[in-house]
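Count residues from 1 along the sequence. Because the structure is predicted, anything quoted here is derived from the model rather than measured. Remember, it's 1-based here, ligands and their atoms both numbered in the order they're listed.
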Amino acid sequence: MKGFVFDLDGVITDTAKYHYEAWKELADQLGISIDLKFNEQLKGISRMDSLERILAHGNKQSAYMQEEKEAFAAQKNEAYVQLLQNLTPADLLPGVAEFLKEAKAKKMPCAIASASKNAPFILEKLGVIDLFDAIVDPATLTKGKPDPEIFVKAAESIGIKPEEAIGFEDAQAGIAGIKACGMYAIGVLADEPLTQADRTVHSLAELNMDELIAL
Ligand code: G6P
Ligand code: MG
């Protein structure tokens, strides 16, 4: 193996709870009830696609014009970014800082494959942006997860083939995308089993990097 590809939300830091909080506030306002179980379906899904799923869940997919939908998505993002203001390096998930530093020392390149347009801001706040060699810009993608496009681009961005990379994901859609391009998939922090993952861990601290490189 020659490099690592990471999802952000739920792998590097637990921002999934903030996404949920911000979506729930908007859903309540629209009279749509969402819960944590429904939220699982939103993991890894882009901002506009998440909104569409919430509207469909409330049978309101045709109730709004495109402009109104864009305003809802912007409102959600404002609430979300507000919740991110207090992020610090202490919000890195267990083992992440150590893993990234070891990767740097061992010259194993690391890329971010996240649908989040807030990824650079979050990585700055967490103090780890310099430990990544590349961040895929989600604005350049034609398809979201579970399509493998983002993972293929991430491998390309660090100059390796998908099958030479290990991908980390907390969402089922992400694991599906990783496997669809022949990457090795490690499922992280999953409350529910991630089918298709080659391996599942609760934290990156459980992993031995030399064993991963030797895969
Ligand atoms: C990640 C998260 C999703 C989120 C998406 C877009 O994939 O798992 O919950 O909707 O990023 O994030 P953004 O910060 O651009 O709204
Ligand atoms: Mg995630």
Side-chain angles (χ1 to χ4, degrees), residues 4-27 34-57 69-85 87 91-93 96 110-126 129 132 135-151 153-154 166-179 183 185-194 196-197 200-204:
F4 301 112
V5 171
F6 298 86
D7 173 45
L8 172 67
D9 296 297
V11 170
I12 302 293
T13 186
D14 187 16
T15 36
K17 61 186 179 205
Y18 299 136
H19 276 295
Y20 176 64
E21 198 176 324
W23 279 129
K24 184 141 179 59
E25 196 181 303
L26 177 72
I34 62 169
D35 58 15
L36 280 167
K37 186 165 167 33
F38 173 79
N39 189 55
E40 282 302 305
Q41 287 180 41
L42 302 182
K43 290 186 177 173
I45 307 302
S46 76
R47 198 179 304 165
M48 281 312 274
D49 288 349
S50 297
L51 175 64
E52 291 293 350
R53 286 192 190 205
I54 291 168
L55 294 176
H57 182 67
K69 290 180 186 175
E70 275 160 24
F72 292 151
Q75 180 191 328
K76 180 269 173 177
N77 192 54
E78 262 173 50
Y80 177 59
V81 170
Q82 202 55 45
L83 293 166
L84 297 177
Q85 295 304 321
L87 279 184
D91 293 297
L92 284 167
L93 284 168
V96 171
C110 294
I112 288 282
S114 166
S116 176
K117 295 182 173 155
N118 293 299
F121 172 69
I122 293 171
L123 294 170
E124 283 276 5
K125 283 274 193 193
L126 296 170
I129 196 157
F132 289 96
I135 301 170
V136 177
D137 177 359
T140 64
L141 302 172
T142 58
K143 292 184 199 132
K145 299 172 188 177
D147 190 277
E149 184 182 16
I150 191 167
F151 297 105
K153 284 203 171 180
I166 294 177
F168 295 86
E169 259 290 350
D170 69 316
Q172 188 57 56
I175 296 284
I178 291 175
K179 290 316 297 171
M183 252 182 218
I186 299 187
V188 186
L189 255 190
D191 301 328
E192 295 178 28
L194 291 166
Q196 282 184 280
T200 320
V201 293
H202 285 99
S203 93
L204 268 55

So, is K117 polar-close to ligand 1, with some N/O to N/O distance under 3.5 Å? yes
Identify, for atom 16 (O) of ligand 1, the protein heavy atom at the shortest distance, and state residue, atom and that distance. R47 NE, 2.7 Å
Between L42 and W23, the two heavy atoms sitting closest are CD1-CD1, 4.0 Å
Where is the tightest heavy-atom contact between A154 and V5, given as atom of each residue plus distance? CB-CG1, 3.7 Å
With atoms numbered from 1 as shown, which atoms in ligand 1 lie under 4.0 angstrom from a non-hydrogen atom of S50? 10 (O)
2.8 Å cut-off (strict), protein N, O or S atoms about the Mg ion (ligand 2): 3
Just which atoms of ligand 1 are under 4.0 Å from any heavy atom in I45? 3 (C), 4 (C), 5 (C), 7 (O), 10 (O)
Aromatic contact between Y80 and Y18, with the criterion being ring centroids under 6.0 Å apart: yes or no? no
Any idea which protein heavy atom is nearest atom 1 (C) of ligand 1, and the distance to it? D9 OD2, 3.1 Å
Test log, rule salt bridge (Lys or Arg N to Asp or Glu O under 4.0 Å), inputs K37 and E40: CA-CA 6 Å; K37 186 165 167 33; E40 282 302 305; over 6 Å; no
Residues A119 and I135: closest non-hydrogen pair is CB-CG2, 4.5 Å
As an exercise, identify every atom of ligand 1 less than 4.0 angstrom from a heavy atom of L42. 3 (C), 9 (O)
Going by distance only, is there an N or O of N77 that falls short of 3.5 Å from an N or O of ligand 1? no
Among I178, L194, V188, which residue meets the side-chain contact (heavy atoms from CB on, under 4.5 Å) test with E169? I178
So, the side chain of K179 versus the backbone of A197: is there a donor-acceptor pair under 3.5 Å, distance only? no
Mark up the atoms of ligand 1 that fall under 4.0 Å of a heavy atom belonging to N118, in ascending order. 13 (P), 14 (O)
About how many Å separate CG of N39 and CD1 of I54, when rounded to the nearest 0.5 Å? 8.0 Å
Backbone N/O of I45 and side chain of S50: donor-acceptor pair under 3.5 Å: yes
For L93 and V11, work out which heavy atoms get closest and say how close. CD1-O, 3.5 Å
min-distance protein heavy atom vs atom 8 (O) of ligand 1 -> G44 N, 2.8 Å
